[in-house]
Student: 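Questions regarding the structure given below will be posed in turn.
Convention: sequence-line order gives letters A, B, ...; per-chain numbering from 1.
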Amino acid sequence: MSIPGLGQIAPTAVQTTTSAAVSPTTTQSLEPFWEYRFEVAHGSTLNIKLVSGTAEKDGTELAPSTPYAFTATKTRINTWHGCTLEISSEPGAVYDAYTSEPTADETPMVSYVNLHFKLDGLRATAERTGQMGPRVLVIGPPNSGKTSLVRMLTGWATRVGRQPLVVNADCREGMLALPGTLSAAVFATIIDPTSEWGSTPSSGPSPVPVKLPLAYYYGMASPDDNPRFFKRLLSRLAVASTSRLTEDPGVKTSGMLIDSGGVNAKGGYDHIAHIVAEFSVNIVLVVGSERVGSEMQKRFAGQQTSLGETITVVGLDKSGGVVERDAGFMQQVREAAIREYFFGSSKTTLSPFTQQMDFAALSMWKVNQAPTASDEDSYSEAIEKAEPSLMMQNCTLAVMYATVHDTAETIRDSNVMGFVYVAEVDEKRRKLKVLAPVSARLGDRPLLWGSWPEPMVSLVG
Amino acid sequence: MTSYSESEAVAEDFREALEDVNTNDRHEISNLTLIARENTEHALAISGALVDHIKRIAPHKKLPSLYVLDSIVKNVGTPYTLFFGRKLYHTFMDAYAMVDMGTRRKMDEMLKTWKEPVPGSIDTRPVFPPDVVRPIENALIKVRTTALQQHQAHMKSQQQLLGRGRPTAQGMPYRETPTPPGARPPPQAHGYQLPNHSTNGMSYGQPTQPLPPNYQSHPNMPFPSRSTPQPMPSSSAFQPPPVGGYGMSQAGISTGSLNDDIQRLITAFKAQIAQAPHDPTIQTRLKALVDLQTILQTQNLPQDQLVLVKNQISDLAVTIRASPAQPPTPIPKAQPVAVAPPPPAAAPKVSLDSLFGSGALAALMARSSSTPQVSTPQPPPATVATRSPPPQRAEPQKAAAATPDPMALMNMLRQAGMLPPPTPAVATTPVPISTPVPVPTPSLPFPIPLPIPGATMGNQSRRPVTMETFTGDIALKASSLKQFRPQLLPFLFEAQGPQCTQCGRRFARDEKGKRKKTAHMDWHFKVNQRIAEAEKRGQHRSWLVDEVDWINTRETIDKDHAGHPGDSDAASGGSASKAAKVEYIPVPDDAALAASVCPICQDRFETRWLDDAQEFVWADAMKVGERIYHASCHREATKDGGNTPMVFARSTPEPVLGKRKAEQDELSSVRGKMKTEFA
């Protein structure tokens, strides 16, 4: 079985490469600062149990003697005090793992955790003075561990009782919503370590508290596909986030943690500046690129936020554990996200509903690419009315919080209510078969159709 | 290294849940019974926790805990009856001796039921076997007769001694103590009793009312003598020493209760700090105490060391009572001093350094390994060898990462003037340090912890050091961020308290933390219950909320403690019945129906996320036939009155939208008014 992205990493530090074939249960001892890095293929499961000591996954502490089942992931478990892990898998499970054995001098985790403590100090100050907590933006080249860092800072913050508002400004990946969206959510409870960001509300209970996101639909893979639309949505998100921040005292002092898409050294700083301005970012973390760091340093030197604070740019090393997540792996991740949205995870099985809809009853809009649009005209056409067609088969559409009677602008600016998956388009009978999370008719909710996430063939049937 | 066994963790949870049982709340008691029932495999640990708790808790709170015991033995039975039975005489009599007459009557009644089979049970055997109950009965009979005879004599002697008459069994021991009770708020004062129970027989009552010396030397004296005139703070006399006597030795000293004692001392010290904010001595002591507490919380110390610690702690308790807010003089004990004079580093000074515990601690730690104390076996050098280099670098805190050898800590406490010098026996007997739990990993022990701003230092009148202070030296620069600061790590780990065994979240050991943990465990319990149900029913992903609702949403953690601030005691009984009346329906999935309005008032329904139901609901809504009405409107319309809309709206359970709840109050009352006006 050939799994893209597996087996191609060379152990950086030394030591074992655990092979799945050898033994289904192994014990792994980690010394302080060590990391157990592992990749689990889609369809395989790796069970990890903390036997002794303390261990974290992305800032969330593992409970002792509780098995955690990891699947379809490339991640790591780190320890500050040393720990013993019990690792087991079913025979035939495909995974790859090794331990990284850095010292406190070598691991960037020290910087990350210091950063957390510093932020918590700033939050304490904010609490005392009634100000807003720090607004932190994380940027860096692709595959530099930005999202992991944001998740880590989130995990640590919730552990000390903070409620940071976490914003995903990366349209390529979703946070608590499908890829192609920009979203925000307040994290007051722990993140399920076996998931990326946790789960969203369903009709049943969840063993780990659910997170409630606010999502806007962009429907394209790159901010450059329609920069004006992208910025527009960022502004919407910023307004909502800032409202939440100012009205919710717990969130206010905790501030924001903003994840962004990758930037390359060539440029693309435009929307970074936009995020900094819109979200009143006062701390910019640049992971894994001195060049981007110095560019940012120059760009924001002497600038102030709307609240009159100076903008601090901090350069951070990227973790040695960050691996290239190739296109194939990422596509699998996206498909897994879609599948999980409708069908749930191994922990909670969800039952979506299939329904037939007449073309006539649908309000369908297409998200347009407009890479160079700069004038208002082409921008207002960011979405346009679309007739259902075979092209939509296997696509995931966003259901918007608007009505069919609303203008294109209103629909475009609305937030996402959920998603439906187009299982079948019958152009002759002018009928559409969709998979929806809930059983009811969609009524007069408009649907938005974008190119991202890409069509997924294997969801049903 | 934290490696609670599961039993310990269950017992710990149970113990914490017990802390909240302050009244004879049927709900709480049955809840605890349920926990006991579901964890019979940990019956030993749970029964131990309960017995400990009954022993420890203030007299006026003993009855509810006894009811818990009663409920468990009656509803669960074996193996609990076995475990409780062993110590029942002690548990019961110790409590009996301390409580007031009203409680005693209740206890008598309870005892009576133990001789009989459980009502309604097919089992005809009594709750406890006769050989368990009879000694108690005998003792009680003797108590009653002797008490009658000696009551008057006792009253007289008391009046002579105290200048006032107090009934023996009444009142709080701490009131008898010389310190003006007004100096500290009463809730803290409760804590002062606790060291009473210390095994060496020291008690706060002593300064005013020394016990007859022979009293302590015969702790196993037959019970009747206990009813001899005896000033109240006498519980210690009833308590057997940790070794011998009624089989109590098996229980030994629980780290839990020791922790609580320390916690109370910490509170006391903090109160002192509040009185004398600038006295560095107290601060040093406090810090050492906090350190000791952390050691206890994070390591499994063997019994003999626990005994040691406990004795010292209770001595200390006496000191702090004897000399409140005074610069502490080391307790004069005539034992040879085995410890070198305090190193200069121990000289208390308030600086960032001493707050961090780095300088002073480091020196102390270093000392303890070079003094004659070396006869104490140190932890295996492996620990040092595997320690990663950074702590040894040129940082000032380097030694802070040194092994928290319990003996070293004891020394530290001594040198800080908190503890008397060790007894020769202690100093010379090699204490078997199997302590730092034998983890297969040779690993870095927990760094020396700090006073915790939020958890332990918080809630004091004086603003304590906060994260701001601790992180002051971190600059948002790459170089500054790269320095490892081991002294900060505890803020993410042990300072947050022990972990929830289900999800790994940590909860502080203070009152607030305990309340949170109870709410949290309830949440787990309920969710686990509902998951089983939901699996049968089938579930689906919900729609997300719209922008406005999202902005107005407030995160709920374990659903409540932020939620009903006021009603915790008043409505805990009532809320269940009220909640049953709350009317809501799940938001209709049908989009057309979802847009419907109340046919009576033509208003839309309010969508909320109801954590209890884990779904979006329309509050104050009910479905009548095919139509959905506001429950309040419908009630008004059909005049099935009784509940005004106001009352109803208040009893709406979900705390999610606190703000909107208030609005709804107004709205529905306005709506109600309009209708009455137009009627």
Side-chain angles (χ1 to χ4, degrees), chain A residues 29 31-33 52-54 61-64 80-82 84 103-105 110-111 114-115 117-118 120-121 124-125 156 159 163 186 188-190 201-205 207 212-215 240 243-244 247-248 312 314-315 341 350-352 401 415-418 437-443 445, chain B residues 1-3 6 386 388-390 439-441 443-444 446 466-468 470-472 474 476-478 481-482 484-485 488-489 491-493 496 499-506 527 530-531 534 538-547 550-551 553-555 557 588-592 609 614-615:
Chain A
S29 289
E31 288 180 24
F33 310 109
S52 67
T54 69
E61 195 176 0
L62 301 187
W80 296 102
H81 304 110
T84 307
T103 63
D105 277 342
V110 167
S111 296
N114 277 328
L115 192 62
F117 287 123
K118 182 65 190 177
D120 207 47
T125 313
W156 285 327
R159 263 162 73 183
Q163 303 191 3
V186 173
T189 47
I190 64 163
S202 68
S203 65
L212 190 56
L214 173 70
S243 306
R244 176 74 185 268
E247 286 176 29
D248 192 335
T312 314
V314 188
Y341 178 77
L350 302 181
S351 320
Y401 260 112
N415 69 309
V416 174
M417 182 166 140
V438 299
S439 64
R441 283 171 287 138
L442 290 171
R445 301 293 184 191
Chain B
M1 217 74 339
T2 338
S3 74
E6 206 184 337
T386 56
S388 42
V439 182
T441 334
S443 51
L444 181 71
F446 284 102
T466 66
M467 254 350 249
E468 290 174 84
F470 290 115
T471 57
I474 306 177
L476 281 172
K477 290 204 174 70
L481 289 173
K482 277 179 185 163
F484 182 45
R485 294 170 175 82
L488 291 179
L489 272 186
F491 285 104
L492 281 172
F493 292 92
Q496 298 281 333
Q499 283 185 280
C500 162
T501 46
Q502 295 197 39
C503 67
R505 211 177 128 195
R506 288 181 185 265
V527 165
R530 278 205 312 267
I531 284 176
Q539 31 187 326
H540 57 82
R541 182 82 57 201
S542 305
W543 293 128
L544 298 177
V545 293
D546 79 3
E547 206 174 73
W550 184 82
I551 291 169
T553 303
R554 298 294 170 263
E555 292 300 310
I557 304 168
D589 289 334
D590 187 317
W609 171 254
Q614 286 280 312
E615 62 186 333

Student: Examine distances only and state if a side-chain atom of R530(B) and a backbone atom of P205(A) form a donor-acceptor pair shorter than 3.5 Å.
Tutor: no

Student: Can you tell me how far the CG atom of L115(A) sits from the CG atom of L476(B), to the nearest 0.5 Å?
Tutor: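 Interatomic distance, L115(A) CG to L476(B) CG, rounded to 0.5 Å: 6.5 Å.
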
Student: Say you draw a straight line from CH2 of W80(A) to CG of L488(B); how long is it, rounded to the nearest 0.5 Å?
Tutor: 10.5 Å

Student: How far does CD of Q163(A) sit from CD1 of I557(B), to the nearest 0.5 angstrom?
Tutor: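 Between atom CD of Q163(A) and atom CD1 of I557(B) there are 5.0 Å.
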
Student: Kindly give the heavy-atom pair with the smallest separation between E468(B) and G121(A), and that separation in Å.
Tutor: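 Scanning both residues, the minimum pair turns out to be CG-O, 3.4 Å.
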
Student: Within 45° of the six-membered ring axis of F491(B) and under 6.0 Å from that ring's centre, is NZ or CZ of R159(A) located there?
Tutor: no

Student: In Å, rounded to the nearest 0.5 Å, how long is the span from CE of M467(B) to CZ of F117(A)?
Tutor: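 Here the rounded value is 5.5 Å.
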
Student: Is a donor on one side and an acceptor on the other found under 3.5 Å between the side chain of W550(B) and the backbone of L212(A)?
Tutor: yes

Student: If you measure from OG on S202(A) to NE2 on H540(B), what distance do you get to the nearest 0.5 Å?
Tutor: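 One finds 8.5 Å between OG of S202(A) and NE2 of H540(B).
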
Student: Please determine whether side-chain contact (heavy atoms from CB on, under 4.5 Å) holds for the pair K477(B) and V314(A), giving the CA-CA distance in whole Å, both sets of side-chain angles, and the decisive distance to 0.1 Å.
Tutor: CA-CA 6 Å; K477(B) 290 204 174 70; V314(A) 188; over 6 Å; no

Student: Taking the side chain from N114(A) and the backbone from T471(B), do they hold a donor-acceptor pair closer than 3.5 Å?
Tutor: no

Student: Looking only at atom types and distance, does a side-chain atom of R541(B) sit under 3.5 Å from a main-chain N or O of P437(A), one as donor and one as acceptor?
Tutor: no

Student: Select one option (side chain, backbone, both, neither) describing which atoms of L62(A) are under 4.5 Å from chain B's heavy atoms.
Tutor: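 Backbone of L62(A) only, per the 4.5 Å heavy-atom cut-off to chain B.
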
Student: Over 60° means perpendicular and under 30° means parallel, so classify the ring planes of F33(A) and F484(B), tilted if in between.
Tutor: perpendicular

Student: For R244(A) and R554(B), run side-chain contact (heavy atoms from CB on, under 4.5 Å): C-alpha distance rounded to whole Å, both residues' side-chain angles, the deciding distance at 0.1 Å, then the answer.
Tutor: CA-CA 9 Å; R244(A) 176 74 185 268; R554(B) 298 294 170 263; 3.6 Å; yes

Student: Just by distance, do the side chain of R506(B) and the backbone of E61(A) share a donor-acceptor pair under 3.5 Å?
Tutor: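 No, R506(B) side chain to E61(A) backbone: no donor-acceptor pair under 3.5 Å.
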
Student: Side chain from CB out, backbone as N, CA, C, O: work out which of these in T125(A) comes under 4.5 Å of a heavy atom of chain B, or both, or neither.
Tutor: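 T125(A) touches chain B through backbone and side-chain heavy atoms alike.
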
Student: Would the distance check show the side chain of K482(B) and the main-chain N or O of S111(A) forming a donor-acceptor pair, the cut-off being under 3.5 Å?
Tutor: no

Student: For the CG atom of D248(A) and the CD atom of E555(B), what is their distance to the nearest 0.5 Å?
Tutor: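 Rounded to the nearest 0.5 Å, the CG-CD separation comes to 7.5 Å.
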
Student: For the residue pair A534(B) and G204(A), what are the closest heavy atoms and their distance?
Tutor: CB-CA, 4.4 Å

Student: Using non-hydrogen atoms only, which part of P352(A) is less than 4.5 Å away from chain B: side chain, backbone, both, or neither?
Tutor: neither

Student: Is there a side-chain contact (heavy atoms from CB on, under 4.5 Å) between M417(A) and L544(B)? Walk through the geometry before answering.
Tutor: CA-CA 5 Å; M417(A) 182 166 140; L544(B) 298 177; 5.7 Å; no

Student: Hey, does the side chain of S203(A) reach the backbone of Q539(B) with a donor-acceptor pair shorter than 3.5 angstrom?
Tutor: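 Flag not set: sc S203(A) to bb Q539(B) has no pair under 3.5 Å.
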
Student: Tell me, for N415(A) versus chain B, whether the close heavy atoms (under 4.5 Å) come from the side chain, the backbone, both or neither.
Tutor: side chain

Student: Checking S243(A) against chain B: side chain, backbone, both or neither under 4.5 Å from a heavy atom?
Tutor: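 Both backbone and side chain.
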
Student: Considering non-hydrogen atoms only, spot the tightest contact between A478(B) and G315(A) and give its length.
Tutor: CB-O, 3.6 Å

